[in-house]
Amino acid sequence: MNSQSKTSNDPAKRRRGVAPELREIKDHEQQRPMMAELYHRAEVILRTPRRSQASKASTAKTDHDPQRLLHELEVHQIELELQNTELRQTRDELEAALENFTDLYDFAPAGYFTLAPDGTIRQVNLTGAQLVGIERSRLLGRTFGQLLLAAQRPLFNSFLKQIFASGEQPAIDIELPAKSRPLQVVRARAKRSPTGLDCRVVLVDITALKREEDMVRVSEIRYRRLFETAHDGVLLLDPATRKITDANPFMTKLLGYSQAQLVGRELFEIGLLKDEAASQEMFEKLKKKREVRYEDLPLEAKDGRHQEVEVVANLYSENGHAVIQCNIRDITERKKAEQALRASEERYRILFELGPVAVYSCDAAGMIQDFNARAAELWGRKPVPGESNARYCGSFKLFRPDGSSMRPADCPMAEVLAGKKSEVRDQEVIIERADASRLSCVVNIRPLKNQRGDVTGAINCFYDITERKAVEVAQRRLEVLAASNLKLEGEITRRQAVEIALKQSEQQQTRLLEQSRSMQEQLRHLSRQMLQAQEDERKRISRELHDVIAQTLTGINVRLATLKKGAGCKPKDFDRDIELAQKLVEDSVSIVHQFARELRPAVLDDLGLIPALHSHLKNFTAQTGVHTHLTAFAGLEQLDTARRTILYRVAQEALTNVSRHAQATRVDVTIQKRTAGIGMKIHDNGKSFSVERVLNAKGRKRLGLLGMRERLEMVGGRFEIESAPGQGTTVTAEIPFGKDV
């Protein structure tokens, strides 16, 4: 600020700091008439003191007379002095004007910026520097766009470009950020200089104005939302014409008219007031009281529906104009509720008077307010007019169920009124009547509270249980006797149950012993069948070796002996005999391979289950002529060796049964992955059989099926056979995954 003050006090610096149009005071055209006037004035001044001398020297003079030249010089000297005086006076006036302009420029309420076409700041006043929060010396030479937010720069650059293109543009609103101050909103106006080399930008702080506009806009939005979403009908009327100028949506819903149908009508025309006279009367009341209220008015909607409404009309001023606002509330449901409440109170009063339960109410001090006939009957006295409000509920003598006396402060009603208990439910007490007799009663007490939650009284409902108590005593005696009888009957029943359980246990043990013996016999029979099957298999293999392999080897031996004897005699016969011998050797090898495959196929261990099944099915088709088809998934090979062997043996045994008994033409083998393991199905289209009869039959016929089941159950699997006429037979084997799958 000190440097800026010094600059403003220095005329030379101020002249350099002002606008360029103030640097040139007068041009050459303006100086000519001024110089002629000064010359004339100089002549007048010089002629006045020398008028006498001029008369004496009025002789003829020439232009080259020294006196004439001297006169001219003196005139020019005086002219120059006058000109200097005028210039000093003009300078002083310009300096004063410049100082005034500088003060107005620096301390103007608006910020002034002089910008180049590229936005460079050439000049700025103090207000402009304060607006952006940067010293004026640091602003000069900077680009104005650097002072703005990045999002505001394109808008201002377009504004500046249009200023230099057209000279002047409408004002724009921009935001000026500041580090230590909240965001400011300024309105920018600009005008290009006459030279077109720069422009003057005026910034006016409109932050407060924007804030007020936002508040007004928010207020208008809130009013409009309240107006449109209110659950009361709102009508705006013109007091001069008494006609509706606006209506909210709830009013249109209430009446069934659209807003356009409501606007321009009077209240009596929409069924709110009965006639025009009533409408004029309401407006007169409004002018006097500024508010009119109608508690209950009938209202007929467009569709003829009748409603009860409450109307509150207010007269107020809005922007200097009088406005009437009518708030219309539908009280139809409230009227119905009031009628229902009156009916309910009537029903309550009838129930209170005629009910079989004794009821009385009291205030917070315990003074009885009201009681019914049943209560007076139980107390042993009739109601006396005017006496009910003078009785105190603590005046009755109360006793506990065991017969001990109860203090008035400990009675149930006193505890509820004192706030010790929130309520009393089914508490038993003994009441002493006016004739000194006693009754056993059950009391139920609920407090009465106001809106603040303070206890203002209570209601006690009680009823006589004296007879019930006597019945209960007799009942308890009967229950004791019945309990004794039940106990004896229960003991008898328990002993009978123990005897039955002992007999059932003996029978169960006998059955278990018989089942154990049967299972032992079945195991012996199965063992004999397995041994017999092993012997039969060995006999078959031995017979095959003797009948096939031995004969083939004998034939090879005979051929070799023949070759040995006839070697070199007949070369052609020799070659033929060698070929026959080789053929016998190949047959022998093939037979040996066949025996090996039947015993344990090597491809199962070397290549896996799927290739082994393919090979077995191929040989099966070649031997039996039955068409086969295999469907399997690749993950099957992840099973361990034992599980793959079990699946192979089950398939092998199933195919053996098909070739022996089914008389089928096609067999489908399907292996699928299931949730908990592997499922294999072998289906043939041959003849069916009775599964139960075969499995329960004795002898060798069921050994293959039992072997398949035993193999699967060894690893927790499941075996199932389904056979039906015309549908063939399906063997299902399910085996769980191993640890590696």
Side-chain angles (χ1 to χ4, degrees), residues 216-350 448-452:
V216 171
R217 186 167 54 254
V218 171
S219 177
E220 290 178 352
I221 292 173
R222 288 175 179 171
Y223 165 75
R224 176 52 59 180
R225 287 178 179 172
L226 289 173
F227 181 75
E228 292 180 352
T229 60
H231 290 284
D232 290 343
V234 180
L235 292 176
L236 299 180
L237 296 93
D238 185 359
T241 62
R242 302 195 302 270
K243 292 185 178 181
I244 299 171
T245 59
D246 198 0
N248 69 337
F250 188 84
M251 194 66 207
T252 62
K253 179 181 178 182
L254 189 65
L255 290 172
Y257 294 99
S258 65
Q259 186 184 25
Q261 292 173 334
L262 289 175
V263 173
R265 293 191 177 189
E266 293 194 36
L267 295 180
F268 72 90
E269 293 178 335
I270 63 173
L272 189 60
L273 296 173
K274 60 182 180 179
D275 52 20
E276 187 174 1
S279 178
Q280 292 177 355
E281 181 183 356
M282 187 194 80
F283 277 88
E284 293 298 327
K285 289 182 180 179
L286 272 175
K287 290 179 182 179
K288 294 179 181 179
K289 299 182 179 180
R290 315 289 292 184
E291 180 180 346
V292 175
R293 178 184 295 272
Y294 296 95
E295 298 292 340
D296 188 2
L297 280 180
L299 178 66
E300 183 177 352
K302 182 180 179 181
D303 57 0
R305 178 168 41 92
H306 292 275
Q307 304 168 89
E308 301 290 335
V309 296
E310 180 184 71
V311 181
V312 178
N314 293 278
L315 176 64
Y316 59 90
S317 179
E318 184 181 87
N319 294 329
H321 300 284
V323 177
I324 295 176
Q325 177 176 325
C326 293
N327 294 339
I328 302 168
R329 177 171 297 175
D330 185 5
I331 60 173
T332 306
E333 296 298 328
R334 190 179 75 185
K335 285 290 184 180
K336 292 180 180 178
E338 290 175 355
Q339 294 175 0
L341 180 60
R342 286 193 294 270
S344 176
E345 289 178 351
E346 183 65 22
R347 287 194 297 270
Y348 164 75
R349 173 55 57 184
I350 294 173
L448 300 175
K449 298 182 179 180
N450 57 18
Q451 293 180 350
R452 296 191 304 270

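The structure displayed is predicted, hence computed values, not measured ones. Both backbone and side-chain heavy atoms feed into the values below; hydrogens, waters and symmetry mates do not.
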* Does any N or O in the side chain of Thr332 come within less than 3.5 Å of the main-chain N or O of Glu308, such that one atom is a donor and the other an acceptor? -> yes

* To do: Determine the minimum heavy-atom distance between Leu237 and Arg242, stating which atoms define it.
  => CD2-O, 3.6 Å

* **Heavy-atom pair of closest approach, residues Tyr257 and Arg265** => CE2-NH1, 3.7 Å

* Any chance CZ of Arg329 has more than 12 other-residue heavy atoms, nucleotides or ligands included, within less than 6.0 Å? -> no

* Within the side chain of Thr252, is there an N or O that forms a donor-acceptor pair under 3.5 Å with the backbone of Gln259? -> no

* Quick one: do Arg342 and Glu346 satisfy salt bridge (charged side-chain N to carboxylate O under 4.0 Å, His left out)? Show the steps, please. => CA-CA 6 Å; Arg342 286 193 294 270; Glu346 183 65 22; over 6 Å; no

* Is there a donor-acceptor pair closer than 3.5 Å between any side-chain N or O of Asn248 and the backbone N or O of Val234? -> yes

* To do: For the pair Lys285 and Glu281, evaluate side chain to side chain contact (heavy atoms under 4.5 Å, CB included) and give the outcome as yes or no after the intermediate values.
  => CA-CA 6 Å; Lys285 289 182 180 179; Glu281 181 183 356; 3.7 Å; yes

* Asked: Name the one of Leu267, Ile324, Asp246 that satisfies side chain to side chain contact (heavy atoms under 4.5 Å, CB included) with Leu235?
  -> Leu267

* Grab the two heavy atoms, one from Val309 and one from Ile328, that are nearest each other, plus how far apart they are. => CB-CG2, 3.9 Å

* To do: Indicate the atoms forming the closest heavy-atom contact of Glu266 with Lys243, along with that distance.
  => CG-CG, 4.0 Å

* Atom pair CZ/OG1 of Phe283 and Thr241 - distance to nearest 0.5 Å -> 7.5 Å

* **Considering all heavy atoms, the nearest Arg290-Tyr316 contact** => NH2-CA, 4.1 Å

* Pair Asn327, Glu310: side-chain N/O donor-acceptor within cut-off below 3.5 Å -> no

* **Distance in Å, Leu262 CG paired with Leu236 CG, rounded so as to fall on 0.5 Å steps** => 12.0 Å

* Report yes if some heavy atom in the side chain of Pro239 is under 4.5 Å from a heavy atom in the side chain of Leu286; otherwise report no. => no

